[in-house]
Amino acid sequence: MSISENLSNIKATIPDGVTLVAVSKTKPNEAILEAYEAGQRVFGENKVQELTSKYESLPKDIEWHMIGHLQSNKVKYIAPFVSLIHAVDSFKLLKEINKRAAQNNRTINCLLQVHIAEETTKFGFSANELESFIQSEELASLANIKIVGLMGMATNTDNETQVKTEFGNLKLLFDQFSSIKTPNFELETLSMGMSGDYLLAIDQGSNMVRVGSSIFGARNYKI
Ligand SMILES: *Cc1c(COP(=O)(O)O)cnc(C)c1O
């Protein structure tokens with residue numbers, strides 16, 4: 001099936017109010033343009049260099065999301081244009097995003113990555129760290145970032161019950177912190193769900209799904 005057919009099939013399964021991020025990592029510009037021609041405007045990448053070069057060569061009304069682990073020393077390359085950073089996992093990183101956003105006279109929207117999976121390899125705040133971080137004065141002092149949501153990745157397993165529980169736990173945290181509203185903190189976006197589990201994630205309250213291989217086909221090389 002073609003990219004545009006895949007896209008319309010997936011869109012048919014996604015309710016209004018859920019944003020589809022088309023994850024185009026490792027895929028060529030032609031593939032992105034095919035999705036673009038079909039109306040898709042939100043794309044996600046997980047490598048700074050690839051994101052920057054695609055931004056430079058593709059239409060300027062694309063909303064680019066950085067979905068992968070981001071190193072502080074690379075923030076400067078995406079700060080001029082990135083529309084959402086999904087995987088903020090430390091105060092150090094957030095401080096750097098704030099600094100580069102200020103240099104570009106803008107505010108950069110961010111999601112805090114929360115560690116919900118059993119695997120120890122995945123990045124993110126624990127539920128406890130999140131609570132103290134959200135209430136910290138350090139966070140309040142950053143005027144050029146806005147925390148607009150949370151992001152999480154479930155364990156890579158066939159065990160649907162486990163995945164459901166992990167997503168459900170993140171939704172509980174999201175609801176818990178949604179009552180807090182400050183100038184740079186207001187939760188609206190809950191980014192969870194990928195090709196294999198996005199329907200489960202939506203059932204559990206996700207309103208932003210990051211779907212790659214179901215749109216563009218399997219990735220051929222390691223990411
Ligand atoms: C690659 C990636 C996705 C998309 O994965 P698919 O299984 O291809 O849909 C989603 N989120 C993140 C953070 C990714 O790195």
Side-chain angles (χ1 to χ4, degrees), residues 1-14 18-28 31-32 34-35 38 40 42-52 54 62-71 74-75 78 82-90 93 97 109-125 148-160 162-164 166-167 170-171 174 189-223:
M1 260 196 296
S2 70
I3 289 170
S4 57
E5 283 169 319
N6 289 340
L7 199 54
S8 73
N9 288 341
I10 289 167
K11 278 191 187 155
T13 65
I14 293 180
V18 176
T19 301
L20 172 63
V21 180
V23 176
S24 47
K25 63 191 185 194
T26 80
K27 297 296 174 182
I32 297 174
E34 190 179 336
Q40 182 66 25
V42 184
F43 292 88
E45 291 283 337
N46 72 338
K47 296 266 190 288
V48 166
Q49 201 184 348
E50 191 176 347
L51 173 56
T52 307
K54 285 174 174 173
I62 288 179
E63 238 186 70
W64 289 105
H65 290 195
M66 174 63 191
I67 61 168
H69 180 64
L70 178 59
Q71 287 172 294
K74 294 191 175 161
V75 173
I78 61 171
V82 71
S83 84
L84 183 63
I85 297 177
H86 283 236
V88 174
D89 61 358
S90 73
L93 175 60
I97 296 169
N109 288 338
C110 297
L111 308 179
L112 297 179
Q113 182 171 4
V114 186
H115 181 105
I116 54 171
E118 224 174 45
E119 294 133 304
T120 51
T121 51
K122 295 209 169 137
F123 298 100
F125 291 96
V148 297
L150 303 179
M151 178 268 205
M153 282 196 273
T155 303
N156 187 4
T157 170
D158 292 337
N159 184 342
E160 283 204 3
Q162 182 178 354
V163 172
K164 201 172 138 184
E166 291 174 357
F167 284 147
L170 185 55
K171 175 66 158 79
F174 181 81
T189 300
L190 181 53
S191 168
M192 55 184 198
M194 327 198 332
S195 291
D197 57 19
Y198 76 90
L199 290 174
L200 218 51
I202 292 170
D203 273 347
Q204 294 302 308
S206 169
N207 60 17
M208 183 174 281
V209 293
R210 311 174 309 270
V211 179
S213 42
S214 294
I215 298 173
F216 295 106
R219 288 175 292 273
N220 301 325
Y221 44 101
K222 272 187 83 102
I223 45 148

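Both counts, for ligands and for their atoms, begin at 1 and track the order of listing. Only this structure's heavy atoms are used, side chains among them; waters, hydrogens and symmetry mates stay out.
- Checking only distances, R219 does come within under 3.5 Å of ligand 1, N or O to N or O.
- Across every non-hydrogen atom of S24 and E50, the tightest pair is O-OE2, 4.2 Å.
- In terms of N/O distances under 3.5 Å, ligand 1 is not approached by I67.
- At least one donor-acceptor pair closer than 3.5 Å links the side chain of T155 to the backbone N or O of E118.
- Near V211, meaning under 4.0 Å from any of its heavy atoms, are these atoms of ligand 1: 9 (O).
- Although no hydrogens or angles enter the test, the distance criterion places no donor-acceptor pair under 3.5 Å between the side chain of R210 and the main chain of V23.
- Shown in contact with G212 at under 4.0 Å from a heavy atom are these atoms of ligand 1, numbered in order with element: 4 (C), 6 (P), 8 (O), 9 (O).
- Using a 30° and 60° split on the angle between ring planes, H65 and H86 fall in the tilted class, from 30° to 60°.
- Of all the heavy atoms in A87 and L93, the pair that sits closest is O-CD2, 4.2 Å.
- Each of the following atoms of ligand 1 lies closer than 4.0 Å to a heavy atom of S195: 6 (P), 7 (O), 8 (O), 9 (O).
- Using a 4.0 Å cut-off between heavy atoms, K25 contacts ligand 1 through its side chain alone, with no backbone atom that close.
- Considering L84, I67, L190, V88 as possible partners of L111, the one that fulfils the side chain to side chain contact (heavy atoms under 4.5 Å, CB included) test is L84.
- Those atoms of ligand 1 that come under 4.0 Å of a heavy atom in R210, given as number and element, are 4 (C), 9 (O), 10 (C), 11 (N), 12 (C), 13 (C).
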